[in-house]
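Per chain, numbering begins at 1; letters A, B, ... match sequence-line order.
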Amino acid sequence: MIAAIARLGALVIAGLEDMGRLALFAGRVGVAVVMPPPRVRAFLDEVYKLGVLSLVIIGVSGFAVGMVLGLQGYNTLVRFGATNSLGAVVGLSLIRELGPVLTALLATGRAGSATAAEIGTMVATEQLDGLRMMAVDPVHLVVMPRAVAMVVVMPLLTALFIVLGLAGGWVVGVPLMGVDAGAYMASLESAVDFRDDVLGCGLKAVVFGVLVGLIATFRGYTSEPTSAGVSTATTTTVVVASVSILICDYFITALWGV
Amino acid sequence: MGQSSGRDLAVGCFVLLGLAAIAYLSVTIGGLGSNGPTGLRLVAHFDEIGGLKPRAAVVISGVKVGQVESITLGEDYRARVVLNVDPSLALPVDSTASIMTAGVLGDRYVSLQLGGETEILKDGDAIDFTESAVVLERVLGKIVHNVGGGDDGDSSSGNGKQDESSKEGGE
Amino acid sequence: MEAEPHVRLRHVRMAFGSRRVFDDLSCAFAPGKVSVVLGGSGSGKSTMLRLIAGLVRPTAGEIWVCGEDVTRLSERALGRVRRKLGMMFQNGALLDSLTVFDNLAFPLREHRALPPQAIADAVHRRLHDVGLEGVDALLPRQLSGGMTKRAALARALMMDPVVLLCDEPFSGLDPISLRRVEDLLLRVNREQGITMIVVSHHIASTVRMADNVVLLLPDRAVEGPPAALLDSDDALVRAFMREEDVAADTPFEGTA
C-alpha cells in the first residue's frame with residue numbers, strides 16, 4: 001500500500017520534472033526564433049511537410065464530420081420543426097469545438113508523430129552531434145523551424161477543416177434532407193459571431209499549434225538514440241499532445257467566456 | 001532546386017487557401033466588419049423584451065439592417081435596448097420598434113416600421129414608439145382570466161369553459 | 001619534446017552512472033601527428049573523442065583543446081573551439097535531407113560569407129581530394145559505405161581544421177576501401193599537417209599509420225609509438241597489439 005503511494009508520488013514528480021524540461025526547452029526554442037539567421041528555407045519546407053501533406057486527411061475528415069453533424073443535427077431538429085437552424089448547429093459545433101480540436105488531434109497523429117520520428121532519427125544517426133561539431137545549434141536549425149511551422153499551419157488547417165465541414169453539413173442538409181439552402185446559410189451567419197466564436201476558435205488553433213509543435217520536437221530531441229527510442233518518442237508525442245489538447249480545450253473554452 | 005520551387009508553389013497555394021478560409025469564416029459567417037462602431041445607434045425602451053438577446057437581428061420589412069447591441073435596465077425599470085443599424089438608413093422620428101418572434105423556437109428580433117414624419121432619427125436618438133414582446137403565458141392568463149372572471153373569481157379553466165358554453169348555448 | 005600539444009587530457013575521470021570508464025586518464029596528442037586510440041569495446045575510446053569534442057562532460061578533470069579547457073566552456077563558447085575541429089563520425093552523420101554538395105557546402109554557408117562560385121570551388125576541391133567525383137547531386141543514403149566515409153572526411157575538412165577527430169573511420173569497410181581511407185588520412189596529414197586523433201580497433205592499419213598509440217586497458221592507459229607497444233614488456237599489451245589468440249576471459253574489455 002505504502003509502496004503504491006510512493007510509486008504514485010514518484011510518477012507525479014517525474015511528470016513535473018518532464019514538464020519543467022519541456023518548459024526550458026520551450027524557452028530555448030523561443031530564443032532561437034529571434035536569433036539570426038532566419039531559417040526561411042527550413043521553415044518553408046516544414047510548412048510543406050506539416051501543412052500541405054496534411055491537406056488530404058484534414059479535408060476528408062472535415063467534410064465527413066460536417067456530414068455527420070448535418071445528419072445528427074437534422075434528426076434532432078426535425079422533432080421541433082426547427083430544421084431551418086441546421087446551419088447554426090453545424091456551424092457552431094464546428095467553429096467552437098470540433099474544428100480546432102479534431103484538426104489538432106489529426107495533425108498530432110500525422111504531422112506531430114512524423115516530426116518526432118524525424119528528429120529522433122537525426123539524434124540516433126548522430127546528425128545533431130554533427131551539427132554541433134560544425135558550431136551550428138541544432139535547436140535553431142532543426143527544432144525551431146518545425147515548431148514555428150506547426151503554429152502557423154494549425155489555424156490554416158483548422159479553417160479549411162471547418163469550411164469543408166460546413167460544406168459537408170450543407171450537402172447532407174440541403175440536397176439530401178431538403179433543408180432550405182437560404183435558411184441554412186442565414187441561420188449559420190446569424191448564429192456565428194466573430195468575437196465569441198471565430199476568434200476563440202483561432203486562439204485555440206494557435207495554442208494547439210504551440211502545444212503540438214513543442215511536444216513533438218521535444219520528444220524527438222530528447223529521445224534515446226536507438227530505434228526503440230524513436231518509436232517511444234513518436235507514441236509519447238501522440239499521447240501527451242492529444243491529452244494536452246483536450247485539457248487545454250476545456251480551459252480555453254471556460255476562460256473565453258463562451 | 002526544381003523540387004523546392006514545386007514545393008514553394010504548393011506552400012503558397014496552401015497558405016492562400018487557408019487565409020481565404022479564415023477570411024470567409026470571419027467576415028461572411030462571423031460578421032466581422034459589419035455594424036461596428038460606424039453604425040447608427042438608436043435607443044428604444046420596452047416594458048417587456050421577452051427573451052430578446054444582444055446580437056438579435058433588427059429588421060425592416062423582413063430585411064436585416066442591423067443588430068441589438070446591448071440590453072440594460074433603464075432608470076424607470078423599463079428595458080433599455082440599444083440598436084445598431086445601417087448608418088445609411090433614413091428613419092422618421094415617429095417610427096415604431098416592435099419585438100417579434102421568428103419560428104417555433106421563439107427567437108426574438110426587433111422589427112422597425114417607418115413613420116410619416118420628415119425629420120429623421122440621428123445617432124443616439126430614442127425611438128419613442130415601441131411595442132413590447134408578446135409573452136405566451138400572459139396571453140393565456142388573460143384569456144383564462146377574462147373568460148373565468150364575472151364569477152367569484154374562480155379562474156379554473158374547467159369552470160370557465162362550462163360558463164362560456166352555457167353562455168353560447170343560451171344565445 | 002616538440003611543440004605544445006593541441007589536445008591534452010589531465011586527470012580525466014568519466015563515469016556513466018555507476019559505470020566507470022576512466023579513473024585518472026592523462027595523455028597528450030602531439031600537433032601534426034597521427035595518434036590512434038585503441039582499446040576493446042567499452043574501453044571508452046569513442047567516449048574520449050566525444051569528451052575532446054565537448055559533446056559530453058567528464059565527471060572530473062580538464063581537457064585542453066587548442067589552448068582552452070572545454071570542460072569549462074558554455075555551449076556558445078564551445079562553438080568557437082569547434083570551428084578549429086573537424087569530426088568524422090562513424091556513420092558519416094551527413095544531413096540526410098541534403099545532397100552531398102549541400103552537405104559539404106553547409107559549414108561554409110553557415111560561417112563564411114562566400115559567393116556561390118567560391119563555395120562550389122571549395123566543395124569540388126575537397127571532393128577531388130578524397131577521390132569522390134560526380135556525386136554532387138546524390139543523397140547520403142545513395143552512397144556506399146566507403147563513399148560515405150570519404151564524404152564525411154571531406155566535410156570535416158571544409159573549414160580547414162587544426163585537429164581532425166575520426167571515430168572508427170575503418171568500421172564496416174572492405175579491405176580495399178579500408179586501405180583507400182587509410183591512405184587518404186595519411187595524405188591529408190602529410191600535406192596539410194592536421195593533427196589527427198583516430199579511434200579504431202583495427203590493429204594492422206594502426207601499426208601502419210600511427211605516429212603514436214594510446215591503448216586503453218580497463219585499468220590503465222599505455223602510450224607510445226606502435227613499435228614500442230608491439231615489443232612491450234607488458235604481456236597484455238603485446239597480446240593485444242599482435243592480435244594473438246587470447247583466452248576468452250582476458251580482460252581487454254571494459255565493464256561494458
Side-chain angles (χ1 to χ4, degrees), chain A residues 40-41 43-55 58-59 62 77 79-85 87-88 91-92 94-95 99 149 152-167 183 185-202 205, chain B residues 1-37 39 51-59 62-70 84-85 100-111:
Chain A
V40 180
R41 179 78 258 151
F43 170 73
L44 289 175
D45 280 343
E46 290 309 314
V47 172
Y48 178 81
K49 281 150 69 180
L50 302 175
V52 176
L53 294 183
S54 300
L55 276 177
I58 295 294
L77 290 172
R79 290 186 225 174
F80 304 95
T83 56
N84 280 346
S85 302
L92 286 177
L94 283 170
I95 294 176
V152 166
V153 157
M154 198 65 85
L156 297 173
L157 287 177
T158 304
L160 289 168
F161 182 95
I162 294 173
V163 168
L164 280 161
L166 292 174
M185 294 307 296
S187 73
L188 171 61
E189 287 173 23
S190 69
V192 174
D193 177 59
F194 176 78
R195 227 176 319 276
D196 286 345
D197 306 314
V198 179
L199 208 56
C201 167
Chain B
M1 284 300 168
Q3 189 201 27
S4 316
S5 55
R7 283 188 170 195
D8 288 350
L9 183 63
V11 167
C13 289
F14 166 65
V15 172
L16 280 175
L17 264 178
L19 290 175
I22 293 178
Y24 175 69
L25 289 172
S26 305
V27 178
T28 311
I29 310 275
L32 177 67
S34 55
N35 296 337
L52 182 72
K53 290 191 267 297
R55 295 192 310 122
V58 177
V59 152
V63 177
K64 182 175 176 182
V65 297
Q67 56 185 25
V68 172
E69 188 175 284
S70 65
N84 189 322
V85 299
M100 314 286 270
T101 310
V104 177
L105 291 181
D107 281 340
R108 302 286 191 178
Y109 64 96
V110 176
S111 175

Under 4.5 Å heavy-atom distance to chain B, tell me which part of [X] shows up: side chain, backbone, both or neither.
| X | answer |
| --- | --- |
| A:Ile95 | side chain |
| A:Ala186 | neither |
| A:Leu164 | neither |
| A:Val192 | both |
| A:Leu44 | both |

- Under 4.5 Å from any heavy atom of chain A - which part of B:Ala57: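 Nothing of B:Ala57, per the 4.5 Å heavy-atom cut-off to chain A.
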Tell me the closest heavy-atom pair linking [X] and [Y], and the distance in Å.
| X | Y | value |
| --- | --- | --- |
| B:Arg7 | A:Asp45 | NH1-OD1, 3.8 Å |
| B:Gly18 | A:Ala159 | O-CB, 4.0 Å |
| B:Asp8 | A:Arg41 | OD1-NH2, 2.7 Å |
| B:Leu19 | A:Leu156 | N-CD2, 3.7 Å |

Calculate, to the nearest 0.5 Å, the distance between atoms [atom1] and [atom2] belonging to [X] and [Y] respectively.
| X | Y | atom1 | atom2 | answer |
| --- | --- | --- | --- | --- |
| B:Leu17 | A:Leu157 | CG | CG | 11.0 Å |
| B:Ile22 | A:Leu160 | CD1 | CG | 8.0 Å |
| A:Leu50 | B:Phe14 | CG | CZ | 9.0 Å |
| B:Leu25 | A:Leu166 | CG | CG | 6.5 Å |

